[in-house]
Amino acid sequence: MALAQTWSVGLAGVQGAMVEVEVDLAPGVPTVALVGLPDAVVRQSVDRVRAALLNSGHEFPLRRVTIGLSPAAMPKQGSGFDLALAVAVLASARVVPAAAVRELVLLGELGLDGSLRAVRGVLPAVLAAARAGHREVVVPEENAEEAGLVEGIAVLAAGSLRQVVAHLAGKAVLSPHVRAAAAPAPPGPDLADVVGQAAGRRAVEVAAAGGHHLFLSGPPGAGKTMLAERLPGLLPPLDEQAALEVTAIASIAGTLPPGAPLVTRPTFEAPHHSATMAALVGGGSGQIRPGALCRAHRGVLFLDEAPEFPRAVLDTLRQPLERGAVTIHRANGSATFPCRAQLVLAANPCPCASAAGDTACTCSALERRRYQSRLSGPLLDRIDLRVTLPPVTRAAWLDGLGTPESTAVVAARVRAARAVASERLAGSGLALNSQVPGRLLRERWPVPRAALALAERALERGSLSVRGFDRVVRVAWTLADLEGLAVPGADQVDEALGMRLQRAAA
């Protein structure tokens, strides 16, 4: 009997889990038994491994082969186990030393010719290997830069099974991969491109400073999409931990930008209104994948033409947006993804979407109500800022009203406001005004009662819910941070209330 062991990594959400790969060769009728809850892709890896071994100059053992993937109770998915299976088979056949692979972590998909192909989720897999105490990992060459983001573990990049075997046999040792210098990210769209729309520009600045959700309503051409696309540029760059979280999600989703393994800027996701619930939140029939909401973690999720999305799909966003994470359950397991994103909704005021506004609208009052009711009240109640944009005037478009502020100028004010909020919230475990619970607002950072007079009347009339009242106070704190005030006054509360109740400004 010949037994060999090595390691690979499985994924559960954005977390990697170490998987021990064991191969046992025993006398008997040549057959292969693969155990350990493999999915269809993992079961097919036996055929890929057999062809890769033969085309790399090695024989697949003509004995009874038992392959075990431990822990046996964890579902195994994907083609990333191919390389570990092939090396374990060779080690059990004494082609490579069994001791050389006992603590080695191997990731990668094998082509039938023995080539090593890139796989998804390498970053969280290597992070899991480093936490488990492993010191070397072999990955495909295309994944080397991504794997190199993890400190404390040597990354060996290989292009084929032949190279891996030669390394393990001591014939051609692979050198640890050295990360290349990161290329500067191209500049994003500039806020200076937005003409007019003082209310919209103010709204995205406040949203960026406090992390507030935003709803933009207005006719076509008013600049709703332009404003939403420029919101990520106002957000501060991601810190190291946030960058690794976002990069891990992009790696699992297969959306990692080529040549830029570390995502350092807030992301922007804008799914089409035909997106399904699984595409928006996450899921899938096989391996659970993150949806657009999860891919927008630490960034912006923009839903243009929001009333065109199915109402049930939009309502699934309510709980994840409040929790900052989404857990997707399936019969064979579950996966949790972080999704602390800023939601930006954009909508036309009516189905006809006349660019001239209400003066040329052909929709009846009933049609307008039906169209606007596609956005449920509970969802809108979770939106801090609601701004109605007027049509852009001829004077603003053709003649200009001065040079608009650029993204760099507004982003500097946002950074300063966030620094003030972070200092105030220090020790509470919170970083943004939008995250502060209402009870904590009232107990630790109360706003003078006189400043809340208008908001209290709106609450008494029923035009503002209790949740909405707390959100008005949060926005008022953000406005105070932007203006350098120690405590919000009546002006800040009234402006926050105006943004909450969709009062348009020119």
Side-chain angles (χ1 to χ4, degrees), residues 9-17 77-80 107-109 117-130 137 139-151 155 157 177 179-180 182-186 188 229 231-233 235-272 275 278-284 286-303 320-321 324-328 335-344:
V9 185
L11 296 174
V14 292
Q15 299 297 323
Q77 299 172 326
S79 59
L107 305 168
E109 175 185 331
R117 298 175 179 175
V119 292
R120 296 180 177 182
V122 165
L123 176 58
V126 178
L127 283 169
V137 58
V139 300
E141 291 175 339
E142 292 87 344
N143 294 126
E145 283 292 306
E146 179 185 348
L149 296 172
V150 182
E151 301 290 341
V155 176
H177 177 76
R179 281 184 59 199
E229 289 175 342
L231 177 56
L235 303 176
L238 302 176
D239 58 32
E240 184 178 358
Q241 180 182 356
L244 288 176
E245 289 178 358
V246 174
T247 303
I249 294 173
S251 176
I252 294 170
T255 59
L256 202 60
L262 185 64
V263 180
T264 58
R265 288 185 175 181
T267 54
F268 181 79
E269 290 287 332
H272 190 259
L280 193 61
V281 179
Q287 187 171 355
I288 301 175
R289 300 288 187 190
L293 174 62
C294 307
R295 297 195 302 271
H297 179 56
R298 307 284 187 176
V300 176
L301 174 64
F302 176 51
L303 303 184
L321 285 173
V326 57
T327 301
I328 302 166
T336 300
F337 298 99
C339 60
R340 196 167 293 282
Q342 277 187 256
L343 177 64
V344 179

- Query: F337 and R289: which non-hydrogen atoms are nearest, and at how many Å?
  - Reply: CZ-C, 4.0 Å

- Item | Shortest non-hydrogen contact from L149 toward L244 | CB-CD2, 4.5 Å

- Below 4.5 Å, heavy atoms only, C-beta onward: do I249 and V263 meet side chain to side chain? no

- Message: Side chains of L301 and P271, heavy atoms from C-beta outward: is any pair under 4.5 Å?
- Response: yes

- Query: Can you find a side-chain donor-acceptor pair between E141 and H177 that sits under 3.5 Å?
  - Reply: no

- Of I252, V14, T255, I328, the residue whose pairing with P290 passes side-chain contact (heavy atoms from CB on, under 4.5 Å): I252

- Side-chain H-bond candidate by donor/acceptor type, T247 with E146, under 3.5 Å: no

- Item | Distance, nearest 0.5 Å, that separates CZ of R340 from CZ of R298 | 7.0 Å

- Item | Between CD1 on residue I288 and OG1 on residue T327, distance to nearest 0.5 Å | 10.0 Å

- Would you please test L231 and V344 for side chain to side chain contact (heavy atoms under 4.5 Å, CB included) and show each step? CA-CA 9 Å; L231 177 56; V344 179; 3.7 Å; yes

- Using a 4.5 Å cut-off on heavy atoms from C-beta on, say whether the side chain of L293 contacts that of L321. yes

- Query: Do you know which two heavy atoms are closest between C339 and C294, and how far apart they sit?
  - Reply: CB-CA, 4.1 Å

- Message: On a heavy-atom basis, which atom in R120 and which in G254 lie closest, and how many Å separate them?
- Response: NE-CA, 3.7 Å

- Could you tell me the separation between the CG atom of L235 and the CZ atom of R265, rounded to the nearest 0.5 Å? 11.5 Å

- With side chain to side chain contact (heavy atoms under 4.5 Å, CB included) as the test, would you mind laying out the steps for V326 and T336 before giving the verdict? CA-CA 6 Å; V326 57; T336 300; over 6 Å; no

- Message: Is there a side chain to side chain contact (heavy atoms under 4.5 Å, CB included) between F268 and E229? Walk through the geometry before answering.
- Response: CA-CA 7 Å; F268 181 79; E229 289 175 342; 3.8 Å; yes

- Item | Shortest non-hydrogen separation from V155 to A144 and the atoms involved | CG1-O, 4.3 Å

- Message: Measuring from atom NE2 of H272 to atom CG of L280, what distance do you get when rounded to the nearest 0.5 angstrom?
- Response: 13.0 Å

- Of all heavy-atom pairs linking V119 and N143, the shortest is N-OD1, 3.1 Å

- Message: I want to check something: taking the side chain as every heavy atom from C-beta on, are T267 and V300 in contact at a cut-off of under 4.5 Å?
- Response: no

